[in-house]
Amino acid sequence: GSPSPSSSSSARRDGGRNVDGDWKRKVDGGDDNGNNNNNSNNSTTHHPFLSAFPKCEHHIHLEGALTAPLLLALSAKNNIPLPSSSPDQPPTLDSLTALLSPPHSSLQAFLTLYEAHQTVLRTASDFDLLAWTYLRRAHADHVVHAELSLDAQAHTARGVALSAAIDGVSAARRRAEAELGVSSRLVLCFQRDRPVADALRTLREAAPHLASGAVAGVGLDSCEAGFPPGAFAGVFAEAARLGARTTAHAGEGAGWDYVRDAVERLGVARIDHGVRAAESAELVARLAAAGTLLTVCPLSNVSLGCVAAVRELPVRRFLDAGVRFSINSDDPAYFGGYLLDNYVAVQEAFGLSVGEWGVIGRASIEGSWVDGGRKREMLGELEALLKGFEGAEPRDL
Ligand SMILES: Nc1ncnc2[nH]cnc12
Ligand SMILES: [Zn+2]
């Protein structure tokens, strides 16, 4: 169906009384002022600088923001059963919460669960509710700009119209801009373990949405090892001709050579994850020289066993080498935290200075897919914050 101008009214129509009142509070994980109380430590009270930091999130899969309350509500609304360990024991809030909680045994094990869960998404208003719930939660972490990924093929393969998914997300994005002042973009990700021809078909179907601005760019995700980026060179060349921004997951589940392949053969100016690029000094120098933005996802990398702990990530290495990167949540419902939690985890592991956070913040803003005016607005807020905390100790940030 077509999206309504107000996502709250469309959600109400689809979800009946479940979508109001208690349910809404549970789904949002917070009270009606947008204060969150789930999935989080005392980040806000203990980290005045990181809480107030104007954040750009570039790597968040909307399907990865399907929290346990949202899964239960959409499963009931659309009459789609959730996978359960036993047929006569439907999942409960507690059992689902446990299932979603990290660690996950592998990227593939996580992806299998994630794909099973997203079958509860059927209508434009479901996508609207999902995107709005995420954007509202992100706003509580002072995310000022968000670039939202969507696995288009996973939905169209289940019979959901591409335009329904896109229209639903667009409605939530408009509302977030109007009510929260959060700017956002939509990124359609091709799944690299599906045929290249399928990606090309999806790109062509998305062309009108690229032209309208409802879709800003394309990405490449899913199981990485064995599916090198170069296979999609033709798709990415056509996407660029259509005016799409481009990014690709690389260097998460496979090695640094996949990062090089994505840069060389897909021509991307951004890499999602990219942390294994640190294994090649030559590639590190090249990424720094090109100004390529890596969208690093600390809690994701730990949750999927890519690294044993956040302190093992090449954060210092990248800062020292001048590699630009942003910090991101990837799939917050599955990896134990939203964006502020990821910022706090980085600070606890590395004890960065105000100046180093300035470098990260500027790269995040400069690397966002927004115009110069929006960048200047966000930079102005960042510089004012940095000035206010000049000379502060890392432990007080
Ligand atoms: N971390 C991840 N890696 C690859 N594909 C994904 N899709 C959602 N999350 C992903
Ligand atoms: Zn990802």
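First listed ligand is number 1; within each ligand, the first listed atom is number 1. Quantities reported herein were computed from a predicted structural model and do not represent experimental measurements.
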**Prompt:** So does H61 have any N/O/S atom less than 2.8 Å away from the Zn ion (ligand 2)?
**Reply:** yes
**Request:** Using a strict 4.0 Å cut-off to heavy atoms of H249, name the atoms of ligand 1 that fall inside it.
**Result:** 3 (N), 4 (C)
**Asked** Are the side chain of R158 and the backbone of L121 linked by a donor-acceptor contact shorter than 3.5 Å?
**Response** yes
**Ligand-residue contact atoms, ligand 1 with D330, heavy atoms, under 4.0 Å** = 1 (N), 2 (C), 9 (N)
**Request:** Run down the list E224, H61, H273 and name the one with the heavy atom closest to atom 10 (C) of ligand 1.
**Result:** H61
**Ring centres under 6.0 angstrom apart (Y343, W357)** = yes
**Request:** Could you tell me which residues satisfy side chain to side chain contact (heavy atoms under 4.5 Å, CB included) with R324, sequence neighbours excluded, listed by chain and number?
**Result:** L293, A363, E366
**Asked** What atoms of ligand 1 come within less than 4.0 Å of a heavy atom belonging to L111?
**Response** 5 (N), 6 (C), 7 (N)
**Request:** Kindly assign one of parallel, tilted or perpendicular to the pair F325 and F318, based on the angle between their ring planes and the thresholds 30° and 60°.
**Result:** tilted
**Message:** Check for me whether the distance between the ring centres of F110 and Y114 falls short of 6.0 Å.
**Reply:** yes
**Complete:** D331 heavy atoms within 4.0 Å reach ligand 1 at atoms 1 (N), 8 (C), 9 (N), 10 (C)
**Asked** For S222, is the nearest heavy atom under 4.0 Å from an atom of ligand 1?
**Response** yes
**Fill in**
Residues at least two apart in sequence or cross-chain that pass salt bridge (Lys or Arg N to Asp or Glu O under 4.0 Å) with E224, listed by chain then number, are none
**Item:** D330: its N/O/S atom lying closest to the Zn ion (ligand 2) (atom name)
**Value:** OD1
**Message:** Is it true that H58 and S364 share a donor-acceptor pair across their side chains at a distance under 3.5 Å?
**Reply:** no
**Complete:** Quick look: E63 vs ligand 1, heavy-atom contacts under 4.0 Å, and the answer is neither
**Request:** Do me a favour and list the nearest non-hydrogen protein atom to atom 3 (N) of ligand 1 with residue, atom name and distance?
**Result:** E252 OE1, 2.7 Å
**Message:** Angle between ring planes, Y134 versus Y338, binned at 30° and 60°: parallel, tilted or perpendicular?
**Reply:** parallel
**Prompt:** Just wondering, is there an N, O or S atom on H59 that's nearer than 2.8 Å to the Zn ion (ligand 2)?
**Reply:** yes
**Asked** With a cut-off of 2.8 Å, does any N, O or S atom of C189 fall short of it relative to the Zn ion (ligand 2)?
**Response** no
